[in-house]
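Everything below concerns the one structure shown next.
All values below come from the heavy atoms of this structure, side chains included, with hydrogens, waters and symmetry mates left out. Bear in mind the structure is a predicted one, so any value in this text is a computation, not a measurement.
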Amino acid sequence: MCSTPQVPATIVEAQEKFELAMRNASAIDIVNNFGAAFNAAQVIGLLREALTDEVMNAVFMPLMNTKVGFRTDRDGKPDKNGRPKPLYDIPTVRDAIIDAAIIGLLPTGNQFNIISGTMYPTKEGYTVLLKKIGAKYIIDVQQDRSQNPAFAEFPCKITYAFNGEKNSLTVVATVRRDQYSSNDQLRGKAERRAKKALYEYLTGTDYGDADETSSRPNAVINAVAVEISEHANAGGAIGIEPEEASYTEAATATSESAQPQTAPQAIQEQPQAATQPTPANNAPRKPNF
């Protein structure tokens, strides 16, 4: 017969402390309770006692970058430049687990991600947070209305009931996309942003914004603005014939060179605008449309 492996006593003790800390954390109203800081400090102390290096190595580090655990932006695989990013160390993961636990999120079920060393709630995490505060809602993610290949825009209509209030609001979720993005992935990210917006609206608490690709810069380039900037002041004068513009520029340059150079004063008077010379033929100007 196969014998069940015995769990070390230290792991069992840590499990009991962790479960107690999670129960205490779920009872803390951090959003609207100023006295919650004292209870939160006790929970954090209990979690640090439970999450020793031995427990982290045996229980929580194997959950990193798995579907049943939590995702990070460091999976040990080479990036697009061929340089692998090392996995997060125990102190970083421990702090992220504590940050998640104090607001009621577990290190299972992909309820949070670790991005740039910081804990961020996921779509599943915000589902847990909204349930924790007792919010009921329906989110209608509409069709993408963006024509830009760099990002998608999903209008999301949110209908909710919270503390006796029934209302609705619409947010536009903007998410990045590339050649590998599927429509389901984009709509999932849009749903996360909608849940995050609803949670922030109801509680006034913002836990940051990140997803599994948020460590990369969100560079959306306005091609029209770039073109205008590159060609600024490169054209001719508007409303003046080319011959007249050349004459005006030459006369202005001659007038400026004829003026004597003076040493700079501590306080100089504001120079008066020079009178523009008129064309030699004194002909009326024709608009150059």
Side-chain angles (χ1 to χ4, degrees), residues 11 13-33 36-75 85-135 188-189 191-215:
I11 302 298
E13 181 182 0
Q15 180 180 353
E16 294 174 352
K17 289 183 179 180
F18 187 81
E19 292 176 351
L20 176 60
M22 292 303 299
R23 286 195 298 268
N24 293 340
S26 63
I28 299 176
D29 183 9
I30 298 178
V31 176
N32 299 314
N33 184 5
F38 298 94
N39 297 331
Q42 295 177 356
V43 172
I44 291 175
L46 193 60
L47 286 171
R48 291 201 176 277
E49 291 180 8
L51 301 181
T52 62
D53 289 355
E54 177 188 4
V55 174
M56 291 295 298
N57 276 320
V59 180
F60 295 101
M61 298 303 285
L63 294 175
M64 185 165 55
N65 297 317
T66 64
K67 293 182 179 180
V68 299
F70 52 92
R71 300 283 187 178
T72 76
D73 59 345
R74 292 190 180 185
D75 55 5
K85 290 185 177 180
L87 298 174
Y88 283 115
D89 55 11
I90 289 178
T92 302
V93 176
R94 177 164 44 224
D95 289 343
I97 292 176
I98 293 175
D99 290 342
I102 203 66
I103 62 174
L105 299 182
L106 293 172
T108 54
N110 195 38
Q111 295 185 15
F112 68 87
N113 289 165
I114 303 178
I115 307 295
S116 299
T118 304
M119 185 281 300
Y120 293 100
T122 60
K123 179 183 69 173
E124 295 81 2
Y126 276 109
T127 302
V128 173
L129 294 176
L130 287 169
K131 183 178 180 180
K132 178 182 177 182
I133 64 175
K189 293 180 180 181
E191 182 182 349
R192 176 198 178 271
R193 291 181 181 256
K195 290 182 177 181
K196 176 179 182 292
L198 176 60
Y199 184 79
E200 292 175 2
Y201 177 75
L202 296 178
T203 65
T205 303
D206 184 3
Y207 295 125
D209 195 8
D211 54 29
E212 58 274 12
T213 60
S214 292
S215 58

CA sep, side-chain torsions, deciding dist, call: D73, Y88, side-chain contact (heavy atoms from CB on, under 4.5 Å): CA-CA 9 Å; D73 59 345; Y88 283 115; 2.6 Å; yes

Stepwise side chain to side chain donor-acceptor pair (under 3.5 Å) test for N113 and T122: CA-CA 7 Å; N113 289 165; T122 60; 5.4 Å; no

Ring pair (Phe, Tyr, Trp, His ring centres under 6.0 Å) involving F60 - partner list, sequence neighbours excluded: F18

Any donor-acceptor pair under 3.5 Å from S116 side chain to T118 backbone: no

Check: R94 side chain, M56 main-chain N or O, donor-acceptor pair, under 3.5 Å: no

Euclidean distance, K189 NZ relative to K123 NZ, rounded to 0.5 Å: 11.5 Å

Non-hydrogen atoms of A100 and F112 that approach each other most closely: CB-CD2, 3.5 Å

Flag, side chain of Q111 to backbone of L105, donor-acceptor distance under 3.5 Å: no

Inter-residue atom distance Y126.OH - E200.CD, 0.5 Å rounding: 5.5 Å

Reported CE-to-CD1 distance for the pair M119 and I114, which is rounded to 0.5 angstrom: 9.5 Å

Salt bridge (charged side-chain N to carboxylate O under 4.0 Å, His left out) partners for D75, two or more places apart: none

Residues in side-chain contact (heavy atoms from CB on, under 4.5 Å) contact with E19, at least two apart in sequence or another chain: Q15, R23

Value rounded to 0.5 Å, distance of CD1 in I98 from CD1 in I44: 7.0 Å

Evaluation steps, side-chain contact (heavy atoms from CB on, under 4.5 Å), between L106 and V128: CA-CA 10 Å; L106 293 172; V128 173; over 6 Å; no

Donor-acceptor under 3.5 Å (K132 side chain, I103 main chain): yes

Atom pair OH (Y199) and OG1 (T127), whose distance is rounded to the nearest 0.5 Å: 12.5 Å

Pairing residues for Q42 by the side-chain contact (heavy atoms from CB on, under 4.5 Å) criterion, not counting sequence neighbours: N39

Pairing residues for A101 by the side-chain contact (heavy atoms from CB on, under 4.5 Å) criterion, not counting sequence neighbours: M22, L47

Set of residues satisfying side-chain contact (heavy atoms from CB on, under 4.5 Å) with respect to P62, sequence neighbours excluded: none

Between OG1 on residue T203 and CD1 on residue I133, distance to nearest 0.5 Å: 6.0 Å

